[in-house]
Amino acid sequence: MNIVDSLVQAAIQGAKQLYDIKLDPSEVTMNVTRKEFVGDYTLVVFPLTKHVKKNPEALGQELGEYLKANTPEVKDFNVVKGFLNLVVEDQYWLDFLNSIYQNPDFGRQPRNGRKVMVEFCSPNTNKPLHLGHIRNMLLGWATYKIYDAAGFDVVRVQIINDRGVAICKSMWAWQNYGQGTTPESSKIKGDHLVGDYYVAFERHFQEEYKNWQDSSAGQVVFAEKKKEGQDEATFFKSFKDLYFNEYSKIGAEVRAMLLRWEANDPATISLWKQMNRWVYAGFEETYDKLGVAFDKLYYESNTYLLGKDIAEQGLADSVFYKQEDGSVWIDLEDAKLDKKIILRRDGTSVYMTQDLGTAELRYQDFACEKMIYVVADEQNYHFQVLFEIMKRLKRPYAEGLFHLSYGMVDLTTGKMKSREGTVVDADDLVAEVIEEASKNSHERGTLAELTAAEQAEVVRKIGLAALKFFIIKVHPKKRMTFNPEESVDMQGQTGPYVQNAYVRCSSMLSKAGNPDLSPAAQYTALETQEKDLISQLYQYPELIVQAAKEHDPSMIASYSYELAKNFHRFWHDFRILQAESEAAKAFRIKLSMAVRQVLRSSLDLLGIEAPEKM
RNA sequence: GGCCCCAUAGCUCAGCUGGAUAGAGCAACUGACUUCUAAUCAGUAGGCCUCAGGUUCGAAUCCUGAUGGGGUCACCA
């Protein structure tokens with residue numbers, strides 16, 4: 001049994017014996033003792049004064065004496081104000097260390113046979129991935145890893161938004177200005193190439209729009225449709241979408257292209273397939289670099305018509321209703337949400353319908369009891385509505401739906417806006433952090449004896465660790481500010497700092513060779529720092545379970561940092577290979593092995609690799 | 001305007017279901033490498049936890065309200 005649980009049980013027993021009261025475990029708060037005090041776990045006595053009319057200190061004293069006398073794990077105790085600090089027998093910690101130091105899977109929970117789906121990334125195919133996708137992918141990947149470690153079978157999926165007006169814009173621009181350029185001929189990565197034509201489209205469109213604004217036709221529209229007192233610039237800014245749909249010549253061509261696509265026109269489909277292939281090849285490269293992968297990809301081109309049968313069923317069950325114009329709606333006002341459209345009056349699906357259909361399809365494919373959507377918080381409302389609809393439709397998976405909503409990434413210069421060209425490209429960013437790690441590494445010269453290829457590998461791991469840790473240490477829900485300088489920091493609360501603790505272990509252990517560890521049995525009196533490390537390792541399995549339950553990878557990042565920090569201090573204050581005795585040496589080697597395993601494992605949960613040297 | 005989210009050191013962030021004197025890192029200053037990797041360690045300095053009420057033995061944490069910031073309220077996705 002867990003030590004905390006057994007201490008709580010023992011305290012409940014004690015309260016019964018001493019005062020004849022029956023405590024519920026929820027009334028007994030058992031915390032890890034704060035650094036300033038002596039002890040391992042602390043029982044907060046105050047709540048007990050409700051049941052027993054004694055002052056907290058006397059209560060603590062009596063309970064402490066009881067626990068010391070009757071609980072084998074409790075070696076000693078002290079009472080400070082209303083806090084009963086318990087000291088756990090060193091032997092307990094030593095036994096625990098012995099049980100884990102050779103187990104690389106320590107912390108992983110047994111398979112529970114339950115299935116979870118994680119959807120993440122889900123890009124559009126008209127432009128390359130950017131910093132926002134990176135946060136998304138890191139969260140998604142960590143969620144996969146954490147759930148996997150927590151015992152679940154995890155299916156990683158994404159929905160590729162491969163159709164619609166956006167990709168048609170790229171297609172149109174390529175057709176008109178591309179002159180047959182390919183990724184091969186231009187030496188440009190496929191997703192970037194397609195993105196370039198998306199930008200080119202915008203440029204031509206803006207040019208056309210500007211000309212129109214200055215023309216008499218534009219001026220007439222301005223005069224007719226402007227709001228009271230609206231100046232020309234403001235008017236035309238807000239008029240852009242309408243212009244695109246109703247006035248623009250190239251807008252009309254793009255829309256015609258979309259219609260041809262929907263009609264399965266062979267030439268259009270073939271161009272679409274070709275450009276999407278380029279994009280996918282580019283995306284694959286980026287996924288590889290970031291170390292993420294998927295089990296199944298869903299494509300919007302296959303799902304955008306889905307959900308109509310669900311709409312029918314919803315109508316039959318009176319969850320939905322039909323308006324006179326034929327459109328189908330749901331009224332969620334009683335749930336403090338609005339009325340929401342399900343089918344257009346022409347009977348076609350909207351975003352919501354597609355998501356209903358896609359969820360259904362996925363359930364048919366994998367029958368996961370939980371589906372986690374890693375999507376930015378701008379879509380909070382959408383998912384609230386989606387999940388509410390699922391509940392009303394009584395889908396079997398409705399209760400297991402979760403929106404892992406994360407805050408947008410801001411730059412120090414403000415928001416990222418693709419229209420204003422202030423997006424941070426994913427490939428560029430990865431290249432930069434690796435370059436920075438490389439510079440750093442060469443200054444130190446610690447990799448001199450490695451081959452160039454090995455050095456590159458180490459440097460890649462370090463750079464990515466800096467970037468990934470920087471992003472993932474922030475709680476998902478919080479909006480974060482991305483400072484490019486800080487993202488490549490390698491000192492302090494960073495990925496490389498944690499890696500460094502791992503490397504120190506590895507380096508020392510490889511120097512140790514294959515030592516005889518049996519003298520460790522003679523090591524019975526733990527130093528505080530040693531005990532703190534073991535106690536921290538002890539928390540790891542529970543941490544994994546918690547992080548899964550809370551959908552919060554940042555918990556793992558905090559933990560790995562704290563563990564690394566404690567190890568670094570231990571390393572500074574104590575000798576391992578030249579310890580004061582054979583017993584201490586053997587014990588500390590075991591301790592380092594355990595710490596090393598958990599550092600590696602916790603980094604792995606974050607998608608960060610641990611190098612052996614750095 | 002309705003609904004939702006956020007607010008902690010100069011900056012970036014932790015702070016578990018309420019518990020002891022609110023913690024890290026960065027930046028600044030001071031020390032520690034002939035040593036198992038100094039990408040490290042130790043120290044100094046830095047706070048009306050946005051504000052005002054409430055619940056409680058006890059509040060950064062829970063409740064209400066206000067202020068500031070963000071999101072969202074499409075027959076777009």
Side-chain angles (χ1 to χ4, degrees), chain A residues 26 29 31-37 42 44-47 49-50 56 80-83 85 122 124 159 161 163-166 241 300 304 323 325 327-329 336-338 341-346 348-352 354-355 376-382 384 405 407-408 410 412 415 437 440-441 443-444 446 462 466 470 473-475 477-483 485-486 489-501 503-512 542-543 546 550 554-555 557-558 561-562 564-565 568-569 571-579 588-589 592 613-614:
Chain A
S26 67
T29 10
N31 300 328
V32 173
T33 304
R34 297 180 58 131
K35 276 220 156 53
E36 327 64 288
F37 302 96
T42 296
V44 185
V45 185
F46 298 103
T49 57
K50 272 182 211 142
V80 182
K81 296 194 226 166
F83 298 90
N85 300 315
S122 303
N124 297 327
I159 176 112
N161 302 298
R163 49 143 250 126
V165 77
D241 283 353
E300 199 203 349
Y304 82 111
Q323 266 190 359
D325 64 1
S327 57
V328 176
W329 294 72
K336 278 169 91 176
L337 301 165
D338 301 303
I341 190 155
I342 303 296
L343 289 179
R344 297 189 182 95
R345 57 172 167 259
D346 62 7
T348 53
S349 300
V350 292
Y351 179 37
M352 189 65 68
Q354 290 175 40
D355 268 5
D377 64 6
E378 59 187 347
Q379 294 202 40
N380 283 354
Y381 179 72
H382 171 76
Q384 254 184 296
S405 161
M408 306 286 248
D410 291 322
T412 43
K415 290 173 68 169
N440 248 287
S441 185
E443 279 169 24
R444 288 167 217 277
T446 44
I462 297 172
F470 179 75
K473 72 176 184 187
V474 180
H475 191 283
K477 212 161 75 174
K478 296 220 178 159
R479 225 181 153 86
M480 68 173 292
T481 314
F482 183 84
N483 181 327
E485 280 105 62
E486 287 176 13
D489 274 351
M490 317 230 163
Q491 279 154 28
Q493 198 178 58
T494 66
Y497 174 97
V498 182
Q499 287 178 320
N500 184 228
V503 165
R504 283 178 148 184
C505 287
S506 290
S507 172
M508 181 274 294
L509 288 168
S510 78
K511 284 213 168 75
E542 181 60 25
L543 172 80
Q546 274 299 319
E550 313 255 330
S554 72
M555 290 172 70
S558 298
Y561 169 71
E562 289 297 329
K565 187 178 160 70
H568 276 309
R569 189 180 16 197
W571 176 277
H572 178 267
D573 292 350
F574 294 88
R575 314 263 68 208
I576 300 171
L577 297 183
Q578 293 85 38
R588 285 177 193 156
I589 286 176
S592 304
K613 294 187 171 174
M614 68 189 288

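Just so it is clear: chains get the letters A, B, ... in the order the sequence lines come, proteins before strands, and each one is counted from 1.
- When heavy atoms are screened at a 4.0 angstrom cut-off, A/H382 is found touching no nucleic acid atom at all.
- Atoms CZ (A/R344) and P (B/C76) sit 4 Å apart, rounded to a whole Å.
- Using a 4.5 Å heavy-atom cutoff, the side chains of A/T446 and A/M614 are not in contact.
- Note on A/K565: only backbone sugar-phosphate atoms sit closer than 4.0 angstrom, heavy atoms only; bases stay farther off.
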Would you mind building the protein contact string for nucleotides 16-22 of chain B? One character per nucleotide, 5' to 3', B for base within reach (heavy atoms under 4.0 Å), S for sugar-phosphate only, - for untouched.
---BBS-

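- Judged by distance alone with a 3.5 Å cut-off, a donor-acceptor contact links the side chain of A/D325 to the base of B/C75.
- Looking at A/R569, its side chain has no donor and acceptor atom pair within 3.5 Å of the base of B/U40.
- Relative to the side chain of A/E300, the nucleotides B/C5, B/A77, B/U40 differ in distance, and B/A77 lies closest.
- Between A/Y497 and A/Y561, the ring planes are tilted. Angles from 30° to 60° get that label.
- Taking atom P on both B/A9 and B/C5, the two are 22 Å apart, rounded to the nearest angstrom.
- Counting any heavy atom pair closer than 4.0 Å across all strands shown, A/V350 reaches sugar-phosphate atoms only and no base atom.
- Between A/R479 and B/C5 there is no side-chain polar atom (N or O) within less than 4.0 angstrom of OP1 or OP2.
- Side chain of A/M490, nearest nucleotide from B/A14, B/A39, B/C75: B/A39.
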